[in-house]
Each structure stands twice: as C-alpha cells, then as structure tokens.
Amino acid sequence: MQTRVLTGITTTGTPHLGNYVGAIRPAIEASRRDEVDAFYFMADYHALIKSDDASRIERSRLEIAASWLAAGLDPQRVTLYRQSDIPEIPELTWFLTCIASKGMLNRAHAYKAAVDRNTEIGDDADAGITAGLYMYPVLMAADILAFDANQVPVGRDQIQHIEMARDLGQRFNHLHGHAFFVLPEALIEDQVATLPGLDGRKMSKSYDNTIPLFAGGSRQLREAIMRIVTDSRLPGEPKNPENCAVFTLFRAFASEVETAAFRQALLDGIGWGEAKQVLYERIEADVAPMRERYEALMADPAAIETILQQGAQKARAVATPKLAALREVLGLRAMTTAPTPAGRPKVPSKQGKLPRFASFRDADGNFRFRLFSADGEELLLSRSFADPKAAGALQKQIRSLGAGAAELQIRPLGMSLALDGETVASTPDYRDEQARDDALAQLRDALDRLAAQE
Ligand code: TRP
C-alpha cells in the first residue's frame, strides 16, 4: 500500500539554499520512492494571511513552482497544485471551523505569540491580529484532511498544527460515526540539515540572511557566498570546521570524501576567500544544471500554468467526492435525493456516553476532581485547590481543550496534563508502557469528546 505524503509551501518568498536542502531536495527524493504517493501544493491562501502584497505572492508562486520542477519534481508522478485552485479546501475549512473549539485555537502557538507580543508592549491583546491568523490551523487541517494524507513532512514549529488536524478529523469522525478522515501524522526528518545563513544563524527569510537558490544567477550565488561571516583567522592559520557556516554549507552538498578533504583543507589553514571559492564551485556544480531548467520555466509561465491545472484536476479527483460525502452527512444534500434512513447509527450518541468529571474534597479539605472515561475508568486527577472556584475554572478549561491543544507530558508509567507549562492534572500510574499508551489514547479521545460538546 502507498503512503500518502502531503506538504504545503507558503508562497511568500523566493526559494533559497536552506529551502532546497531542508525541503525541496528531500521531498523530491521521497516522491521517487514507490511506496510514496506525494501531494505537494502551494499554500497561497496561507500566504494571504502573511502578506497583502499581491505582486509578491504572484512572483513567489511562480518562483516556487519553477524551482520545484527545475529541481527534478516529476508532475506526472506526484500531484502538484495550488491551494487556491481547489474550492473544496475552503469549503472543508468551514465544515471544520464549525466543530473547532475556540479554546483550541486560542492555544495555537502563532496566535498566542502574537497575543504575547501585544501584551508585552501593553497593547490590546488582539491588536492587529486578523481572524485569518486565528483560523490558520483550521485551513491547514482542511489542506491535509481533504486528501486523506497519512504523513505530513513539516518543521518542528508545525507539529502543533498537525495535532490540531488530527484532533479535528477525529472529532468529525466521532460526531458522524464514520471514519471520514484519515488521521495524519507529522513527519519530522531529523537527518535533514538546517543550513546556516550568511550570519551563521539558521538560514531564514525572517533573518534576512539567505543565499538565493536560483534568483540572480551564478553571480549572486557567488557574491552571497563571499559575504558569509567567518572569524578573522588569516590564510595559513588553522580553521575550526565545527560551528563554521562555510563548512556546514559545503557538507550539505558534498560527498563524504569531498567533505573530509575540505575539513582537512580548513585544518591546514586554507584562506577564507579560497575556502569560499571552493564552496561556491561545489554548490554551483549542483545548482547550474537546475538553474538552466529554472530559467527556461520562468520564461514560460503558460507551461507552468498547464502543469498546475493538471495537478489541480488530479487533486480534485480526490477532494470532490470526499466533500460530496461530507455534505451529505452534514444535512446539505440536494432535496431531490432520498433522505438518510431514520435511525442511521450514530457513534457515539451525543448524550449518555460522555466522559465525566467528579469533584471531591481531599483529606486536607482542598478541592480536587477526577476525570473518568465514558466507561468509568479514571483518566485524570487534578491538583488540589484551596478555592473551589479555581478547581471549577480548571475543569472548564479542560472541557474545551481538545486533544490537539493538550500539553501532555509522558512519564514512564503515566502522563501529566499541563496548561501554560504548569502541571494541573495527572493520570494514575499504569502497569507498563503499553497500558500507559492505551490510556493516552483514551485520554485524548475523552478530551476530544468533551471539546466536541462545547
Ligand atoms: N503552515 C505550513 C508552513 O508554514 C505550510 C502549510 C500550509 C502546510 N498548509 C499545509 C504544510 C499543509 C503541510 C500541510 O510551513
């Protein structure tokens, strides 16, 4: 069976070497494996959240498509498309919005960071924050769930979004009693290098320290490489290859043998200017043939448009029937077709089979509560509170949390639930890791069921 691997690229920038090594190259390698069914798309609706500069978004879409194709992505083999060519994505976004708990979205890192920045400078908490930023995780969940993706390769900063997509998919499946959505997993590739930029920090558009992949041609590539910050050791003085951007960049392109030779040259005191020339030539050897294809593609946007339209058709062949099935189950069917037979099984029934809380006073007279699964199994015991209102407030928070937003800390034989970094409740200790993992699944399920009621 094939694994569907899906990932999106936000179209706000020009591809740089860091994107190539960290995302483009590994994604293309993965797409060549027989067991992988790759869906790669340009997240241009997400770009609108970050930028209102239409010409920048337009340029970025073209540059990104041309870069991926020039780097060897085969549009016959993979499904390559633009988010904005798939009307099912915003449609699904709305269906998911209607079951997303606001509490979960309050906890999304990007939104929380924006609120924290406002609070820090004494501004209104939501100053300058659009509803688009707030809804970012739901749009991303729709990107993923519309296509039944099994695995989503992303950076660590995106793990929470994948958890939320799982959470929303699971919630929908529960509410409608059927596995409509595949629950996706984040794929974090730890071997993939993050490249240092010109100043030695991670290469990133937001640090303005990038080396362009194709833009500006070989001249700009060389000029950028010559600007990489180094220490002030003179030619003849040994250089330390560790923590050295020139060396790390070289290694990302070179074979082991080449890398060993370059390390030796640094230890032997090669001058920085010469070392950078060697680096430039090594990168250029890989990039030059791709750049030729890139320039040909950039000169023929109509050819790219055709490829993307064909990609959209392939993608919609999956999403259109899926959304039709969802419309049906949500009560949005055409009135000319037969209604759902009465008594269609609904798993779980909304009432009755719910997890529940039980409050009590402990021996010291403090207030605590337990959370039990629908089957009566103890899932969580809260910390103790002198003030019953505080215990009640925590219960309320847990109700709206949902598994996606829950910070669960795993111990060898149990788990703790934290809110804003503070442990607020714990599970009992379990017999073994298997029992703990089963309990974790039950707890996640219970949190989702509670949140679905909110
Ligand atoms: N948010 C992702 C990023 O900034 C881009 C993205 C949008 C994405 N939709 C996606 C990634 C769906 C994976 C799956 O990197």
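Because the structure is predicted, anything quoted here is derived from the model rather than measured. Each ligand, and each atom within it, is numbered from 1 in the order the structure gives.
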**Student:** Ignoring hydrogens and angles, state whether a donor on the side chain of T259 or E256 is under 3.5 Å from an acceptor on the partner side chain.
**Tutor:** no

**Student:** Please tell me whether E185 and N150 have a donor and an acceptor in their side chains that are separated by less than 3.5 angstrom.
**Tutor:** no

**Student:** Please could you name the atoms of ligand 1 that A43 approaches to less than 4.0 Å, counting only its heavy atoms?
**Tutor:** 7 (C)

**Student:** Measure the distance from atom 4 (O) of ligand 1 to every protein heavy atom, then report the residue, atom name and distance (to 0.1 Å) of the closest one.
**Tutor:** Y136 OH, 3.2 Å

**Student:** Provide the number and element of each atom of ligand 1 under 4.0 Å from a heavy atom of D143.
**Tutor:** 7 (C), 9 (N), 10 (C), 12 (C)

**Student:** What residue and atom, counting heavy atoms only, is the protein's closest point to atom 11 (C) of ligand 1, and at what distance?
**Tutor:** G8 N, 3.4 Å

**Student:** I need the atoms of ligand 1 closer than 4.0 Å to a non-hydrogen atom of T10, numbered in the order shown.
**Tutor:** 3 (C), 4 (O), 5 (C)

**Student:** Quick one: look up the protein heavy atom nearest atom 2 (C) of ligand 1 and list residue, atom name and how far away it is.
**Tutor:** Q158 OE1, 3.4 Å

**Student:** With nothing but distance in play, are any N or O atoms of T7 less than 3.5 Å from an N or O of ligand 1?
**Tutor:** no

**Student:** Give the numbers and elements of all ligand 1 atoms closer than 4.0 Å to a heavy atom of V152.
**Tutor:** 13 (C), 14 (C)

**Student:** Using a heavy-atom cut-off of under 4.0 Å, does the side chain or the backbone of F41 touch ligand 1, or both, or neither?
**Tutor:** side chain

**Student:** Spell out, as yes or no, whether a donor-acceptor pair under 3.5 Å connects the side chain of E407 to the backbone of L417.
**Tutor:** no

**Student:** Under 3.5 Å, is there a donor-acceptor pair between the side chain of S60 and the main chain of T12?
**Tutor:** yes

**Student:** I'd like to know whether the aromatic ring centres of Y280 and F250 sit less than 6.0 Å apart in this structure.
**Tutor:** no

**Student:** Tell me if the aromatic rings of H176 and F172 count as close, with their centers under 6.0 Å from one another.
**Tutor:** yes

**Student:** Does ligand 1 have a heavy atom under 4.0 Å from the side chain of H161, from its backbone, from both, or from neither?
**Tutor:** neither

**Student:** Please confirm whether R201 makes a cation-pi placement over Y207, using NZ or CZ under 6.0 Å from the six-membered ring centre and within 45° of the ring normal.
**Tutor:** yes

